[in-house]
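Structure, as structure tokens:
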Amino acid sequence: MRPVPLRMPGRLFTAIATGGGGAEALELLARAEYSRRLACAHAVAEAARDIGGGVAETAGQAWELLAAAHRADPRAVSAVLTHPSAGTALIGLLARLDRVVEGEAGAAGELPVQRFSALAAAAAVRARVPARVRWRLTADLVFLPSLGGADFPGARPGDMAEVVVGADGAARVGVAGRSSVPGPVEVPPEPCAPAGRWRAAHRILVPDTGAPLFLDDIDPLRFPGVPERPLGLTTDDLRWWEATTREACDTLRSHHPVTYAELAAGPRTLVPLDSTGSFSGSSAEAFGSMALSRPRTGRGLALSMAHELQHSKFAALLHLFDLFESGGEERYYAPWRPDPRPLLGLFHGAYAHLGVTDFWNRRRAVERDPEELARAEAQFVRWRTGAREATEVLLTSGRLTPLGQRFARTMLDTLDGLCRLPVPAEARRRGQALAAEHRTEWVRRNGVPQALLI
């Protein structure tokens with residue numbers, strides 16, 4: 001069970017740098033993320049061994065079970081480790097373990113090794129490998145990443161979760177040694193909808209490729225920074241998400257085929273946020289997921305998906321290639337943020353807004369309502385201007401590697417082509433005014449010397 005070396009063709013690297021790449025790019029980046037998570041899982045086992053004691057024993061057993069599941073069914077381990085929350089779990093645990101190995105005072109605390117055990121148990125269930133796995137609970141939910149979990153009312157932190165996979169492959173989850181807690185729950189043979197005490201992500205849509213879109217409000221580690229408690233979506237909430245997601249996917253399929261191909265290239269998870277306003281986010285360690293406030297419209301959700309797919313691609317690419325030298329203290333103006341950004345944030349945002357620019361460019365060709373067309377034209381001007389200016393700053397920063405220079409230069413060439421496209425004078429004026437308003441407010445807020453402005 002070893003990470004597989006990967007090679008990215010130069011033409012695909014260039015395609016990604018133009019803002020695209022399609023299904024081929026997403027599939028390769030997903031394979032790369034799986035290899036990275038395999039390496040992280042092995043690193044967790046090694047770091048735990050260096051610590052010794054119960055931590056080493058627990059992590060060692062989990063690693064051996066992962067290896068057994070891989071021998072039985074490699075796809076089962078892949079399904080678990082490529083699940084978005086697996087990245088959150090592995091990277092978080094590895095960081096804690098590394099601090100303990102390095103002797104950082106107070107780093108040991110309560111090491112969340114149970115997350116590693118839960119990943120191994122989920123792999124055993126999927127691979128139908130006989131096993132008995134136990135770990136200490138932190139809540140009254142016994143959860144198997146990528147599958148779901150069961151409620152155990154009355155269970156307390158410190159109680160022992162137990163997952164048993166029989167010789168016939170049937171599995172159940174329960175809480176050991178607590179007669180006052182409800183009995184075990186059978187694990188469905190494949191991921192399915194919530195039912196009874198079983199909790200799982202909601203399958204809200206299956207795109208043309210057959211790879212489903214999930215809405216996950218239950219996984220404790222579904223997205224970094226999100227509360228571990230379930231969000232508790234109502235039936236009306238689910239209907240809204242289903243209808244809006246269907247509208248968004250129809251929009252992408254009809255008018256944004258490359259983005260749609262990227263979305264449909266593999267299982268993808270939408271994480272609903274308990275927040276007002278319009279917000280979306282992605283995480284370098286939760287590849288395959290995007291966190292979103294409740295979308296107002298299908299088109300708005302389509303734009304958020306296009307935006308976050310760009311961030312996901314770029315984050316995965318940075319796991320493969322060094323595009324810039326780290327360590328700089330500079331902070332830069334970014335036309336999409338109220339605060340100064342480091343070079344990493346500027347690069348991420350410029351690439352994401354290259355995708356946003358393309359989105360609005362395509363909207364210009366399909367909008368029939370005069371007001372919506374005028375808005376699309378103005379947004380196109382605003383974001384092509386902002387993304388291009390930010391990309392120019394990247395290229396003059398002095399911190400890009402040769403490969404980073406190649407990537408950013410391709411971005412700039414793409415944006416130059418977009419900037420040459422004709423736009424009605426009024427829309428151009430409005431788009432430029434929006435950009436100027438943002439810059440003025442940013443300077444008022446931050447008071448950064450002119451030298452750091454683009």
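Only heavy atoms go into these numbers, but all of them, side chains included; no hydrogens, no water, no symmetry mates.
Remark: R31 does not engage E27 in a salt bridge, criterion side-chain N to carboxylate O under 4.0 Å. In this structure, E308 does not pair ionically with R268, as no charged nitrogen and carboxylate oxygen lie closer than 4.0 Å. A salt bridge between R239 and E242 is absent, with no side-chain N of the basic residue lying under 4.0 Å from a carboxylate O of the acidic one. Comment: R382 does not engage E437 in a salt bridge, judged by the lack of any side-chain N to carboxylate O separation of less than 4.0 angstrom. Salt-bridge formation is not detected for the pair R341/E330: no Lys NZ or Arg NE/NH1/NH2 atom is positioned less than 4.0 Å from an Asp or Glu carboxylate oxygen. The pair R222-D217 does not count as a salt bridge, with every side-chain nitrogen at least 4.0 angstrom from each carboxylate oxygen. Ion pairing between R362 and D358 holds under the 4.0 Å rule for side-chain N and carboxylate O. The pair R337-E441 does not count as a salt bridge, with every side-chain nitrogen at least 4.0 angstrom from each carboxylate oxygen. Using a cut-off of 4.0 Å between Lys/Arg side-chain N and Asp/Glu carboxylate O, E285 and R36 are scored as salt-bridged.
Atom CG of D322 has 12 or fewer heavy atoms from other residues, nucleotides or ligands within 6.0 Å. For R399, the CZ atom is densely surrounded, since the number of other residues' heavy atoms within 6.0 Å is greater than 12.
Checked against the 6.0 Å centroid threshold, H438 and Y333 count as a close aromatic pair.
Taking 4.5 Å as the limit, some side-chain heavy atom of L233 sits within range of a side-chain heavy atom of P272. Under the 4.5 Å side-chain criterion, counting only non-hydrogen atoms from C-beta, L395 is in contact with Q405. Side-chain contact between R126 and D73: absent, with no pair of heavy atoms (C-beta onward) separated by less than 4.5 Å. Contact check for R37 versus F287: side-chain heavy atoms found under the 4.5 Å cut-off. Within the 4.5 Å cutoff, side-chain heavy atoms of R445 are placed close to those of P338. When side chains are defined from C-beta on, C419 does not count as touching T385, because their heavy atoms never get closer than 4.5 Å. Contact check for L93 versus F116: side-chain heavy atoms found under the 4.5 Å cut-off. Residues H256 and R363 form a side-chain contact, since some pair of their non-hydrogen atoms from C-beta on lies under 4.5 Å apart.
To the nearest 0.5 Å, the span separating CD on E389 from OH on Y332 amounts to 15.5 Å. In this structure, T269 OG1 and L213 CG are separated by 8.5 Å, a value rounded to the nearest 0.5 Å. Here L301 contributes atom CG and R299 contributes atom CZ; the two are 12.5 Å apart, rounded to the nearest 0.5 Å. In this structure, the separation between CD1 on I218 and NE2 on H202 is 7.5 Å, given to the nearest 0.5 Å. The distance from the CG atom of L303 to the OG1 atom of T251 is 11.0 Å, given to the nearest 0.5 Å. Once rounded to the nearest 0.5 Å, the distance linking CD of E329 with CG of L343 reads 12.0 Å.
Minimum interatomic distance between A79 and S146 (heavy atoms only, all atoms of both residues): O-CB, 3.8 Å. Scanning both residues, W240 and P295, for their nearest heavy atoms gives NE1-O, 2.9 Å. L144 and A118 get closest at one heavy-atom pair: CD2-O, 4.1 Å. In terms of heavy atoms, T357 sits closest to A387 at OG1-CB, 4.4 Å. The nearest pair of heavy atoms linking L12 to L28 is CD2-CD1, 4.0 Å. Nearest heavy atom pair, residue L141 against residue D151, reads CD1-OD1, 3.6 Å.
In this structure a side-chain-to-backbone donor-acceptor pair under 3.5 Å is present from R384 to L421. The backbone N or O of I16 lies less than 3.5 Å from a partner atom in the side chain of Y351, making a donor-acceptor pair. In this structure, the side chain of K313 does not engage the main chain of A352 through any donor-acceptor pair within 3.5 Å. In terms of modelled atom types and a separation under 3.5 Å, the side chain of R428 and the main chain of V423 share a donor-acceptor contact. S397 places a side-chain N or O within 3.5 Å of a backbone atom of L394 that can act as its donor or acceptor partner. Listed for the N446 side chain is a donor-acceptor partner under 3.5 Å among the backbone atoms of W442. In this structure, D369 contributes its side chain and E371 its backbone to a donor-acceptor pair below 3.5 Å. A donor-acceptor contact shorter than 3.5 Å links the side chain of T245 to the backbone of W241. For the pair S293 (side chain) and F279 (backbone), a donor-acceptor distance under 3.5 Å is present. Judged by distance alone, with hydrogens and angles left aside, the side-chain atoms of S282 form no donor-acceptor pair with the main-chain N or O of M290 at under 3.5 Å.
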Query raised in the report: When you look at L318 and L344, which way does the side chain to side chain contact (heavy atoms under 4.5 Å, CB included) test go after all the steps?
Result: CA-CA 10 Å; L318 289 179; L344 170 61; 3.5 Å; yes

Requested in this report: Applying side chain to side chain contact (heavy atoms under 4.5 Å, CB included), run through L373 and E377 and close with a yes or a no.
Outcome: CA-CA 6 Å; L373 176 58; E377 297 276 18; 4.2 Å; yes

**Report entry** C249/L263 under side chain to side chain contact (heavy atoms under 4.5 Å, CB included): CA gap, chis, key distance, verdict
**Finding:** CA-CA 9 Å; C249 287; L263 181 74; 3.8 Å; yes

Report task. Run the numbers on L38 and L81 for side chain to side chain contact (heavy atoms under 4.5 Å, CB included), then give the verdict. Result -> CA-CA 7 Å; L38 271 179; L81 293 188; 3.7 Å; yes

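Side chains of T234 and D237: a donor on one and an acceptor on the other come within 3.5 Å. Between the side chains of D219 and S85, at least one donor-acceptor pair of N or O atoms lies under 3.5 Å.
Aromatic ring pairs are classed by plane angle as parallel below 30°, tilted from 30° to 60° and perpendicular above 60°; the pair F347 and F407 is perpendicular. The aromatic rings of F321 and F13 lie perpendicular to each other, with more than 60° between the two planes, well past the 30° mark. The aromatic rings of H307 and H353 stand perpendicular to each other, their planes meeting at an angle above 60°, with 30° marking the opposite boundary.
Judged by a 6.0 Å distance limit and a 45° cone about the ring axis, R253 is positioned over the six-membered ring of Y260.
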